[in-house]
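Values below: all heavy atoms of this structure, side chains included; hydrogens, waters and symmetry mates excluded. Proteins come first, then strands; the chains are lettered A, B, ... in the order of their sequence lines, and each starts at number 1.
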Amino acid sequence: MRTHMCGEPRPADIGTTVTVCGWVARRREHGEHLAFVDLRDHTGLLQCVVDGSVDVRSEYVLAVTGVVSQRPEGTVNDRLGTGQVELTDCEVEILSAAEPPPFPLDERAAEVDETIRLRHRYLDLRRAEMQSNLRSRARISSAIRSAMDAQGFVEVETPMLIASTPEGARDFVVPSRLHPGEFYALPQSPQLFKQLCMVGGVDRYYQIARCMRDEDLRADRQFEFSQLDLEMSFASQSDVLEAVSRAVGAAVEAVTGEGVGEIPHMTWHDAMNRFGSDKPDVRFGMELEDLSEVFAETGFNAFKADAVKGICHKGASEATSRNRLDDLTEKAKRWGAKGLVWMRAEEGPDGEVTLNSPVAKFLSPEELAGVIETLGVEVGDVCYLVADRWHRVCHVLGLLRLELGRPPVHEGGLRFLWVLDFPLFEDVDEATGRPVPAHHPFTMPHPEDTDMLSGGPTELLGVRSQAYDLVLNGWELGSGSVRIHRPELQQQIFDLLGISEAEAEAKFGFLLEAFRYGAPPHAGFAFGLDRLVALLVGEDNIREVIAYPKTQSGGDPLTSAPSPVDAEHLAELGLRLLPRGT
RNA sequence: GGUCCCGUGGUGCAGUUUGGAGUGCACGCUGGCCUGUCAAGCCAGAGGUCGCGGGUUCAAAUCCCGUCGGGACCGCCA
């Protein structure tokens with residue numbers, strides 16, 4: 001039907017007759033003897049010169065046969081790939097007429113209400129930006145598959161209809177027709193199946209897996225998402241990091257043409273301590289500095305705490321109003337801080353740095369000098385101090401750091417980071433005294449810390465795990481761990497967590513049974529493809545890299561999902577609806 | 001479950017603070033003019049449940065209450 005794509009004709013093609021197909025991006029009429037029609041497909045635009053009798057409107061679908069011709073002098077368009085040439089002597093066939101589109105299908109669509117774009121997603125997808133995003137995503141998937149294949153991984157599909165387990169995220173549930181009253185769950189991840197693959201001798205498993213979690217949506221979270229999921233037998237943590245690094249490197253190279261290089265490592269403790277986050281955005285500094293020493297002997301009650309830390313916002317004083325400071329203080333409180341101390345750095349009578357703050361009068365000259373020295377404060381800076389338990393101080397200042405300094409999504413390059421040595425336990429439940437697992441209960445403790453498993457709460461919270469996260473520009477891309485494969489250690493962990501033998505048997509019995517038949521040591525990882533694609537193409541919202549995403553309330557404006565089903569259908573499944581609001 | 005923001009011709013906005021006739025801008029659309037434009041230009045025109053419901057008022061896009069839809073975030077996402 002066509003000989004060329006719209007974006008292809010070049011000066012070398014001048015004189016040849018071609019046929020192109022596409023949509024009318026724009027028409028410019030100059031009376032009965034001359035009109036220009038820009039024909040669009042995913043490769044670009046081609047200007048077709050026709051006479052005024054050709055009645056085509058925006059988004060008509062055409063096949064145009066014409067001669068590739070040099071544009072007259074002075075009419076070359078440098079902004080088009082085909083801008084040196086145009087199609088003349090055109091024969092235009094209308095393949096489909098079209099109603100005017102409900103929103104402009106060019107750059108201006110970025111300003112259009114997203115609901116309208118989603119309601120007509122097929123039109124939105126025609127736009128160059130969406131085409132580019134979809135194609136980048138496909139290139140990334142393809143590059144990842146090649147990289148995994150090259151490393152000896154085997155792609156295995158795992159079931160979508162599985163047994164529901166109470167752990168982790170809320171399951172999407174599917175009623176069973178053949179077993180009324182019983183339900184499948186859609187997978188939150190293929191976690192247990194991939195471990196079974198290791199027992200099954202697959203050795204190296206991977207899958208670009210669809211996962212479903214019935215939790216509230218965000219800019220970086222949809223109900224349904226895709227993960228590169230992988231698992232390796234006879235492999236250590238460093239083997240997994242290496243394998244994932246290669247896949248990510250291949251993905252990045254597929255989009256940017258450049259390699260990633262060695263991805264730096266950081267311990268979880270360093271990440272929290274320096275950046276106040278387990279997914280630090282290291283595109284910018286403004287690190288948290290420890291002021292506990294400075295205020296060790298302080299008379300200021302608010303600073304008599306486990307930890308005092310601060311950050312310094314360079315040169316921000318002039319742009320930071322008192323209203324803004326009050327607003328930040330409110331935010332810090334919402335984030336869990338008791339309060340936020342701010343200090344403006346001003347020039348003193350002798351040219352020295354002095355700190356202006358509502359609390360300055362409660363602090364000694366030595367303490368103020370300590371703040372200036374530790375934070376490297378100069379005239380014109382604003383610093384922020386928080387005192388509390390270490391973890392809370394880090395958390396609040398980490399969020400404040402992002403609020404004040406985080407660059408836009410497309411700036412600052414791609415800063416990958418491995419965060420290692422996560423704690424095995426997130427917390428110790430005060431009521432039960434049981435530790436709460438930070439990852440999942442199959443996570444292998446750090447070999448140096450296994451003795452501490454028999455200790456008290458303080459020891460337990462200090463136990464590191466062989467769990468690791470991959471972070472890019474402050475987004476958690478994914479996480480993984482070395483798994484426990486020996487029943488004795490698994491039993492010890494279950495005991496610690498307060499999971500009874502019966503409970504473990506009921507929830508993970510098939511996995512524990514499988515492990516009794518000879519389980520290889522294994523480790524794995526999973527990272528979110530949607531987030532990786534979004535960051536690689538410079539979008540701060542994963543909906544922009546998903547063909548048919550859902551809105552924040554989980555609806556699809558295009559198909560009107562979710563929707564009711566009729567009573568017969570429900571009856572067949574053994575279901576009856578409760579009245580609304582119960 | 002919670003906090004905050006948004007909703008005005010097909011699209012994007014202004015108008016809302018301080019109530020006074022659906023007033024305005026840009027794009028798009030329809031028709032006309034136009035032989036080198038490229039977000040073409042010029043002229044004319046059509047197009048409105050101011051998200052929806054209720055309340056206050058002589059009078060509501062504007063104030064109040066509720067509700068629906070969208071977005072950002074907290075909780076949640078082992």
Separation of [X] atom [atom1] from [N] atom [atom2], in whole Å?
X         : N      : atom1 : atom2 : value
Gln552(A) : U3(B)  : CD    : C1'   : 12 Å
His33(A)  : C34(B) : NE2   : P     : 8 Å
Leu45(A)  : A40(B) : CG    : P     : 11 Å
Asp530(A) : C77(B) : CG    : P     : 20 Å
Trp335(A) : U3(B)  : CH2   : C1'   : 13 Å
Glu114(A) : G69(B) : CD    : C1'   : 13 Å
Asp106(A) : G28(B) : CG    : P     : 10 Å
Glu99(A)  : U30(B) : CD    : P     : 11 Å

Polar pair under 3.5 Å, donor/acceptor by atom type, side chain Gln47(A), base U37(B): yes
Arg27(A) (side chain) and C38(B) (base): donor-acceptor pair under 3.5 Å: no
Using a heavy-atom cut-off of under 4.0 Å over every strand shown, decide if [X] touches base, sugar-phosphate, or nothing.
X         : answer
Gln188(A) : nothing
Ala438(A) : sugar-phosphate
Arg119(A) : nothing
Ser58(A)  : sugar-phosphate
Ile116(A) : sugar-phosphate
Pro72(A)  : base
Arg108(A) : base

Face-to-face contact Phe103(A) to U11(B) six-ring, under 5.5 Å, under 30°: no
Ring centroids of His30(A) and G36(B) base under 5.5 Å with planes under 30°: no
Between [X] and [N], is there a contact of a side-chain N or O with OP1 or OP2 at under 4.0 Å?
X         : N      : value
Asn541(A) : G71(B) : no
Arg543(A) : A72(B) : yes
Arg28(A)  : U37(B) : no

Arg543(A) and Glu114(A) ion-paired at < 4.0 Å: yes
Electrostatic pair Glu99(A)-Arg57(A), nearest N-O below 4.0 angstrom: no
P atoms of G24(B) and G47(B), separation to the nearest Å: 14 Å
For U67(B), the Watson-Crick or wobble partner whose two distances fall under 3.5 Å: G51(B)
Residues, nucleotides or ligands: over 12 heavy atoms within 6.0 Å of Glu411(A) CD: yes
Heavy atom of [range] under 4.0 Å from RNA chain B: which residues?
range                       : result
residues 73-90 of chain A   : Thr75(A), Val76(A), Asn77(A), Arg79(A), Glu86(A)
residues 492-514 of chain A : none
residues 211-219 of chain A : Arg213(A), Glu215(A), Asp216(A), Arg218(A), Ala219(A)

Glu231(A) versus Gly524(A), closest heavy-atom pair with distance: OE1-CA, 3.2 Å
With sequence neighbours left out, write down each residue that passes ring pair (Phe, Tyr, Trp, His ring centres under 6.0 Å) with [X], or none if nothing qualifies.
X         : result
Phe515(A) : His522(A)
His30(A)  : Phe36(A)
Phe172(A) : Phe223(A)
His440(A) : Phe442(A)

Pairs where residues 216-227 of chain A contributes a residue and the test salt bridge (charged side-chain N to carboxylate O under 4.0 Å, His left out) is met, not counting sequence neighbours: Arg210(A)-Glu224(A), Asp220(A)-Arg531(A), Glu224(A)-Lys550(A)
Residue pairs fulfilling salt bridge (charged side-chain N to carboxylate O under 4.0 Å, His left out) with at least one residue in residues 74-84 of chain A, sequence neighbours excluded: none
Residue whose closest nucleotide on RNA chain B lies nearer the 5' end, Thr551(A) versus Leu399(A): Thr551(A)
Toward the 5' end of RNA chain B, by each residue's nearest nucleotide, Gly554(A) or Phe442(A): Gly554(A)
side-chain contact (heavy atoms from CB on, under 4.5 Å) partners of Leu402(A), counting only residues at least two apart: Asp281(A), Phe284(A), Arg406(A)
Partner set under side-chain contact (heavy atoms from CB on, under 4.5 Å) for Asp113(A), not counting sequence neighbours: Thr115(A), Ile116(A)
Centroid-centroid distance, Phe525(A) to Trp418(A), less than 6.0 Å: yes
Under the salt bridge (Lys or Arg N to Asp or Glu O under 4.0 Å) test, residues paired with Glu91(A) that sit two or more places apart: none
